[in-house]
Protein chains: 2
Amino acid sequence: MVSIKDVAESAGLSVATVSRALNGHPSVSDDARERVLAATDALGYRPNVVARSLRTHRTGTIGLVISDVLNPYFTELARAVEEEARELGYSVIIGNADERADLEDHHVRGLLDRRIDGLLVSPADGRSPMTLEAAAGDTPVVFVDRWITGVDVPVVRSDGRTAIADLVDHLYALGHRRLAIITGPAATTTGRERVDAFRAALAVHGLALPDEYVGRGDFQAESGRVCTERFLNLTQPPDVVFATDNLMALGALDEIGARGLRVPDDIALAAFDDIPWFSHTDPPITTIAQPTAELGRVAVRALADLIAGSPASSTVLPAHLVVRRSCGEPETKGATRE
Amino acid sequence: MVSIKDVAESAGLSVATVSRALNGHPSVSDDARERVLAATDALGYRPNVVARSLRTHRTGTIGLVISDVLNPYFTELARAVEEEARELGYSVIIGNADERADLEDHHVRGLLDRRIDGLLVSPADGRSPMTLEAAAGDTPVVFVDRWITGVDVPVVRSDGRTAIADLVDHLYALGHRRLAIITGPAATTTGRERVDAFRAALAVHGLALPDEYVGRGDFQAESGRVCTERFLNLTQPPDVVFATDNLMALGALDEIGARGLRVPDDIALAAFDDIPWFSHTDPPITTIAQPTAELGRVAVRALADLIAGSPASSTVLPAHLVVRRSCGEPETKGATRE
DNA sequence: TCATCTCGTGGAAACGATTACATGGTCGAA
DNA sequence: TTCGACCATGTAATCGTTTCCACGAGATGA
């Protein structure tokens with residue numbers, strides 16, 4: 001590998017001057033700059049960012065730890081994050097936690113060891129010691145999508161409460177009275193928030209949410225299937241199942257299909273997170289859409305602020321209901337219709 | 001940040017001994033080892049991998065440049081790669097090329113600058129100079145899924161030829177005679193291979209593949225929609241559209257749906273790459289499944305071999321047909337039925 | 001004319017680890 | 001007792017940058 005030393009030699013200058021020339025330092029003569037440029041591309045020199053980082057204490061990299069790469073919601077988030085980061089001159093290293101606290105831990109540790117300039121995390125729950133340590137340490141951290149209550153770190157997320165209320169109104173209007181929910185882990189903020197909002201929205205219509213209508217999932221497809229199985233085995237199964245993420249909705253669909261039941265006639269289905277496939281499932285699925293890409297971009301900007309030393313604030317963006325056909329033929333007014 | 005020097009001081013030893021103790025070097029006394037351990041966790045010391053990499057010329061990291069993170073096929077691949085790499089003690093840095101040669105270039109360059117130990121690429125085509133340079137340089141490179149013809153680098157991929165022949169047999173048996181294909185860019189090997197295999201399979205049945213039945217896509221949903229639009233506007237539209245990746249199939253579905261046509265009655269649809277959603281679209285989609293995760297794992301092992309200095313060989317794994325309902329009611333024998 | 005300032009440059013010290021080499025001590029064999 | 005081998009440790013060089021400091025040469029101002 002050709003180093004700055006080789007360039008210096010070939011250009012007949014010192015490494016200091018070469019370094020300055022390459023970094024656009026003002027006091028470098030035109031002559032020197034030209035010779036350096038000539039030498040660098042004659043030799044095909046590329047600066048060693050490892051050495052540079054060691055010296056400057058900056059890596060030009062931010063870490064992103066997401067809950068699950070196989071979840072289209074998170075890949076869309078990751079894509080937006082990378083795009084915005086690139087625009088701001090940062091690279092992104094993605095860690096996939098697969099909804100496992102130990103993997104989240106592993107990746108956060110790895111990223112910190114790598115001396116990333118800042119960290120974006122979608123924390124599974126509060127059980128990752130490294131995430132807590134990172135939040136308390138001096139590497140800038142921003143939570144995105146999910147957060148840890150009681151930890152003082154900026155959060156960029158969307159608020160689904162009104163959208164969930166809209167959904168419940170929609171379901172009620174269609175005549176559904178027995179509504180069930182498949183939640184995420186109680187430890188995740190999104191898991192709790194969505195079930196709380198759902199319960200509150202039901203209460204407005206004088207409906208209760210009995211325990212047997214609350215399925216505890218883990219944001220993975222299989223758990224959605226299992227919960228749906230349990231619902232369908234009840235002596236009085238629900239009219240509607242609301243899956244609080246897209247993968248669990250997929251699992252629910254699997255189980256419903258396996259039993260030869262039809263949506264929405266035999267049982268209705270709604271989901272959280274909109275993804276392109278939801279328009280093409282049988283039937284198209286009514287869902288709550290988040291401004292996913294925008295969340296990613298805002299989160300990166302917040303982190304960049306933090307890295308630059310300015311304080312960053314939390315942001316909450318609204319989610320909205322997208323009505324399709326999985327809950328019955330809509331005669332809706334109001335919400336988006338597709 | 002606490003450095004090895006601080007640990008040495010606190011333990012009353014030299015940095016050399018501390019380094020040896022931490023790296024499991026044999027000749028370190030038990031006493032020293034204990035003091036080092038005590039000091040490290042008293043101070044919360046974590047080795048600086050940047051410094052370590054500078055000295056050792058190893059980063060313990062491999063790069064993975066994939067064509068499109070929003071494509072479920074590639075996320076599944078990425079996940080498998082990360083998993084296998086983690087098992088082998090490597091971290092993975094993912095770069096998303098978004099099917100753009102300039103972005104592929106950007107990421108390959110960034111990864112090389114970062115001095116990764118090895119590189120896994122799914123090259124869009126031969127137009128990324130950096131990818132060519134990387135392949136020619138001394139950083140170990142393995143191509144996965146796609147490759148560049150004429151470049152001497154191990155390739156891990158799947159062969160769809162027999163599966164495509166099976167698909168064509170299946171379509172022919174169902175009575176379809178006008179078969180159209182939506183290909184990827186001609187510059188990609190997968191784009192070319194799939195259309196060649198399709199044409200060859202048609203020839204077996206004495207069928208031709210007229211130019212107007214070949215749509216040139218770019219592996220993105222919108223291009224699938226556009227090609228399908230063109231097909232449907234022909235005076236004699238095809239009976240079947242075969243989309244050579246899952247996103248273009250989604251686009252095709254969009255266009256067909258927008259016209260109020262039904263699959264498979266009005267037009268049949270088949271795809272390449274199986275993804276969970278294909279079981280739940282309306283109707284479930286007949287597709288060709290690749291052993292995606294296995295491809296990822298094999299590719300990582302090949303790369304690890306290369307890094308270790310042993311020669312790595314190319315691998316070809318077979319794809320297979322998965323018959324669902326999007327091409328008509330199957331009365332099939334042979335291929336997998338779902 | 002001389003002091004002062006600016007500008008371009010080079011020398012050398014960091015950054016935080018690993019590791020070749022040197023050193024002094026212990027122990028077993030001759 | 002003496003010599004060599006071995007073991008635990010320390011000293012210092014090294015990886016490839018950036019950057020502080022010093023220095024000489026012109027330019028500027030009094």
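Within every chain, numbering begins at 1; the chains are lettered A, B, ... in the order of the sequence lines, protein sequences first and strands thereafter. These values consider heavy atoms only, across backbone and side chains, with no hydrogens, waters or symmetry-generated copies.
Screening A:T59, A:T139, A:L54, A:T61 against A:R115 for a side chain to side chain contact (heavy atoms under 4.5 Å, CB included) leaves a single residue, A:T59. Remark: of the listed residues A:L22, A:L37, A:V18, A:V18 is the sole one forming a side chain to side chain contact (heavy atoms under 4.5 Å, CB included) with A:V7.
Side-chain atoms of A:R52 stay outside donor-acceptor range of the base of D:dT17, with no qualifying N/O pair under 3.5 Å. The base of D:dT17 is not paired with the side chain of A:R55 by any donor and acceptor separated by under 3.5 Å.
The side chain to side chain donor-acceptor pair (under 3.5 Å) analysis of residues 42-51 of chain B, with sequence neighbours excluded, yields the pairs A:D113-B:R46. For residues 8-23 of chain B, the side chain to side chain donor-acceptor pair (under 3.5 Å) pairs, not counting sequence neighbours, are B:S14-B:T17, B:S19-B:N23.
As a whole-Å value, the separation of A:H57 NE2 from D:dT17 P is 17 Å. Separating the CE atom of A:M1 from the P atom of D:dG16 is a distance of 10 Å, rounded to the nearest angstrom. As a whole-Å value, the separation of A:H25 NE2 from D:dT17 P is 18 Å. Between the C1' atom of C:dA14 and the CG atom of A:L54 lies a distance of 9 Å, rounded to the nearest Å. Whole-Å rounding puts the A:N48 CG to D:dT18 P distance at 10 Å. Separating the NZ atom of B:K5 from the P atom of D:dA12 is a distance of 13 Å, rounded to the nearest angstrom. Taking atom CZ on A:R58 and atom C1' on D:dT17, their separation rounds to 14 Å, with Å as the unit.
Judged by distance alone, the side chains of B:S310 and B:D305 never bring a donor and an acceptor atom under 3.5 Å apart. Side chains of A:D68 and A:Y73: a donor-acceptor N/O pair is absent below 3.5 angstrom, by distance only.
The shortest non-hydrogen separation linking B:M1 to B:D6 is O-OD2, 4.1 Å. Residue B:R114 comes nearest to A:V49 through the heavy atom pair CA-CG2, 3.5 Å, listed as atom of the first residue, atom of the second, then distance. Closest heavy-atom contact between A:I4 and A:V15: CD1-O, 3.9 Å. B:A293 and B:A80 make their closest contact through O-CB, 3.4 Å (heavy atoms, listed as atom of the first residue, atom of the second, distance). Minimum interatomic distance between A:S122 and A:I66 (heavy atoms only, all atoms of both residues): CB-CA, 4.5 Å.
Distance alone, capped at 3.5 Å, places no donor-acceptor pair between the B:R146 side chain and the B:T190 backbone. With hydrogens and angles ignored, the 3.5 Å screen pairs a side-chain donor or acceptor of B:E104 with a backbone N or O of B:A124. Looking only at distances, a side-chain donor or acceptor of B:R33 sits under 3.5 Å from a matching main-chain atom of B:V28.
Residues of residues 106-117 of chain B having a heavy atom closer than 4.0 Å to DNA chain C: none are found. Sorted by residue number, the members of residues 13-24 of chain A with any non-hydrogen atom under 4.0 Å from DNA chain C read A:L13, A:S14, A:A16, A:T17, A:R20. Contacts with DNA chain D (heavy atom under 4.0 Å) in residues 28-45 of chain B: B:V28, B:S29, B:A32, listed by number.
From one end of the helix from C:dT1-D:dA30 to C:dA30-D:dT1 to the other, with five pairs defining each end axis, the axis direction shifts by 50° (rounded to 10°).
Heavy atoms of B:S27 sit under 4.0 angstrom from at least one base atom.
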